[in-house]
Amino acid sequence: ELKKDLPEANAYICGSDQIWNSFFQNGKDPAFYLNFVPQNRLKISYAASFAIDKLEDDIKDFVKSNISKLHHIGVRESSGITILKDLKINDVTHVLDPVFLLNKNDWFKLENNFDIKNDYIFIYDFDSNPLIKFMAEKIIKKTGWKIITVNKNINYADKNFWHLGPDSFLSLIKNAKFVISNSFHAVAFSIIFEKDFVVFNRSSKINTRMRDLLNSIGIIDVLILDENMINNHELNTIDYKLVNNFLKVLITNSKTYLKNALKN
């Protein structure tokens with residue numbers, strides 16, 4: 001359908017979250033690599049994510065063939081650069097997820113000032129991870145905070161705002177005392193809003209997203225791997241002055257890549 005009726009544009013950009021993850025169908029779909037765009041049009045990837053550490057052998061030729069046709073390649077994870085180097089594709093730029101190209105004041109305009117009267121932990125958990133429940137209950141014993149979630153599967157929360165929408169999602173993170181998640185974008189917005197948070201691995205093999213982001217800004221210790229790390233974790237230890245110094249450089253580099261790609 002896209003080949004038959006090409007959307008008219010000066011540049012075509014594909015990205016970002018997991019679009020090239022070959023564990024899912026989109027990673028095997030040439031449309032997600034801009035295959036439908038003629039070679040005489042500008043084709044760019046911005047923050048395209050594999051979300052995995054390595055490709056299966058049977059998908060490598062397909063991925064190499066399609067990505068080689070892009071004029072500028074920007075990937076979201078450093079692990080994505082490694083994947084492409086393995087395919088002998090070397091002219092690749094590491095950029096941030098696009099949510100970081102707006103500052104927190106821009107995002108404040110989009111949240112709905114959702115009012116929760118009690119202090120609370122916000123939990124965003126796709127996997128019903130028992131370690132997340134264990135950590136939340138450990139913290140509320142110390143603090144008396146409530147537990148808020150938007151996941152239908154979390155049955156121990158004081159309030160569940162399932163399907164309330166993205167504006168409420170932003171508000172719930174912005175106003176939380178603490179965020180516990182296994183979601184890349186819950187982590188991203190916790191960082192943007194300078195919240196105290198931890199992140200757990202997903203049960204599926206898509207954890208490079210969180211690991212690479214946290215490594216790039218110097219806070220890999222908020223990735224919780226086991227019960228021992230939960231017991232030793234202390235609240236309010238993230239140095240956002242340091243984090244923002246890392247982010248400032250990464251944001252500048254990301255915008256520079258995008259501007260240069262669009263010029264050329």
Side-chain angles (χ1 to χ4, degrees), residues 16-18 21 23-24 26 49 51 97-100 102 104-207 209-211 213-214 219 222-227 229-231 233-238 240:
S16 59
D17 194 27
Q18 298 198 64
N21 186 347
F23 284 177
F24 304 128
N26 48 272
S49 171
D97 188 275
V99 297
F100 289 103
L102 298 178
K104 62 183 176 182
N105 292 322
D106 295 319
W107 288 111
F108 288 164
K109 296 171 188 174
L110 298 176
E111 57 104 6
N112 66 0
N113 295 310
F114 199 53
D115 186 29
I116 305 289
K117 296 203 176 351
N118 303 104
D119 290 338
Y120 64 90
I121 300 168
F122 178 62
I123 292 180
Y124 196 47
D125 173 16
F126 298 101
D127 298 331
S128 304
N129 187 333
L131 283 176
I132 287 180
K133 182 179 180 182
F134 174 73
M135 185 167 197
E137 291 178 341
K138 187 177 176 66
I139 292 172
I140 63 175
K141 280 181 183 176
K142 287 183 181 177
T143 62
W145 298 339
K146 301 296 183 182
I147 296 176
I148 303 294
T149 190
V150 292
N151 299 104
K152 195 177 184 182
N153 55 300
I154 303 302
N155 57 16
Y156 55 87
D158 295 288
K159 287 188 179 179
N160 191 323
F161 296 103
W162 185 61
H163 269 189
L164 224 60
D167 51 354
S168 296
F169 175 75
L170 292 174
S171 277
L172 289 169
I173 293 177
K174 175 193 166 192
N175 297 316
K177 297 293 287 185
F178 193 70
V179 177
I180 307 176
S181 78
N182 48 28
S183 152
F184 177 89
H185 284 99
V187 169
F189 283 111
S190 294
I191 294 165
I192 290 168
F193 293 152
E194 300 186 9
K195 307 306 295 186
D196 193 18
F197 75 95
V198 291
V199 59
F200 288 74
N201 278 327
R202 292 290 308 276
S203 57
S204 52
K205 296 178 182 179
I206 55 172
N207 296 305
R209 303 176 304 151
M210 273 83 84
R211 183 197 67 208
L213 173 61
L214 297 174
I219 53 169
V222 301
L223 177 60
I224 304 296
L225 302 175
D226 53 39
E227 195 169 307
M229 289 185 74
I230 293 172
N231 289 328
H233 185 79
E234 295 183 11
L235 298 176
N236 297 309
T237 57
I238 300 174
Y240 271 104

**Study point:** Verdict with reasoning, Ile230 to Phe200, per side-chain contact (heavy atoms from CB on, under 4.5 Å)
**Key:** CA-CA 11 Å; Ile230 293 172; Phe200 288 74; 4.1 Å; yes

Point to revise | Under 3.5 Å: donor-acceptor pair, side chain of Asn160, backbone of Asn155 | key: no

Exercise for review: Could you tell me whether a side-chain N or O of Ser171 sits under 3.5 Å from a main-chain N or O of Asn113, the two making a donor and an acceptor?
Suggested key: yes

Do [X] and [Y] have side chains that approach each other closer than 4.5 Å (heavy atoms only, starting at C-beta)?
{"X": "Phe108", "Y": "Ile192", "value": "no"}
{"X": "Leu110", "Y": "Leu170", "value": "yes"}
{"X": "Leu235", "Y": "Lys142", "value": "no"}
{"X": "Ile191", "Y": "Leu213", "value": "yes"}
{"X": "Trp107", "Y": "Ile173", "value": "no"}
{"X": "Leu172", "Y": "Tyr120", "value": "yes"}
{"X": "Phe193", "Y": "Asn175", "value": "no"}

Quick check: closest heavy atoms across [X] and [Y], and the distance to 0.1 Å?
{"X": "Val179", "Y": "Lys195", "result": "CG2-CB, 4.5 Å"}
{"X": "Asn201", "Y": "Asp127", "result": "O-OD2, 4.4 Å"}
{"X": "Leu223", "Y": "Met229", "result": "O-CE, 3.1 Å"}
{"X": "Ser128", "Y": "Ile154", "result": "CA-CD1, 4.4 Å"}
{"X": "Asn21", "Y": "Ala51", "result": "ND2-CB, 3.8 Å"}
{"X": "Ala136", "Y": "Ile121", "result": "O-CD1, 3.9 Å"}

Practice item. Decide ring-ring contact (aromatic ring centres under 6.0 Å, His included) for Phe197 and Phe122; before the verdict, give the C-alpha distance in whole Å, the side-chain angles of both, and the deciding distance to 0.1 Å. Key: CA-CA 9 Å; Phe197 75 95; Phe122 178 62; over 10 Å; no

Under the side-chain hydrogen bond (donor to acceptor under 3.5 Å, both in side chains) rule, collect the residues that match up with [X], sequence neighbours excluded.
{"X": "Thr143", "value": "none"}
{"X": "Thr149", "value": "Asn151"}
{"X": "Asn26", "value": "none"}
{"X": "His233", "value": "none"}

Review point. About how many Å separate CZ of Phe189 and OG of Ser181, when rounded to the nearest 0.5 Å?
Key: 12.5 Å

Study note, to complete from the structure: CE (Met135) and CD1 (Ile224) are apart, to the nearest 0.5 Å, by 5.0 Å

Practice item. Check step by step if side-chain contact (heavy atoms from CB on, under 4.5 Å) holds for Lys146 and Ile116. Key: CA-CA 10 Å; Lys146 301 296 183 182; Ile116 305 289; over 6 Å; no

Point to revise | Where at least one partner belongs to residues 137-167, residue pairs that pass ring-ring contact (aromatic ring centres under 6.0 Å, His included), sequence neighbours excluded | key: Phe114-Phe161

Review point. Val222 and side-chain contact (heavy atoms from CB on, under 4.5 Å): which partner among Thr237, Asp196, Leu214?
Key: Leu214

**Study point:** salt bridge (charged side-chain N to carboxylate O under 4.0 Å, His left out) partners of Glu194, counting only residues at least two apart
**Key:** Lys104

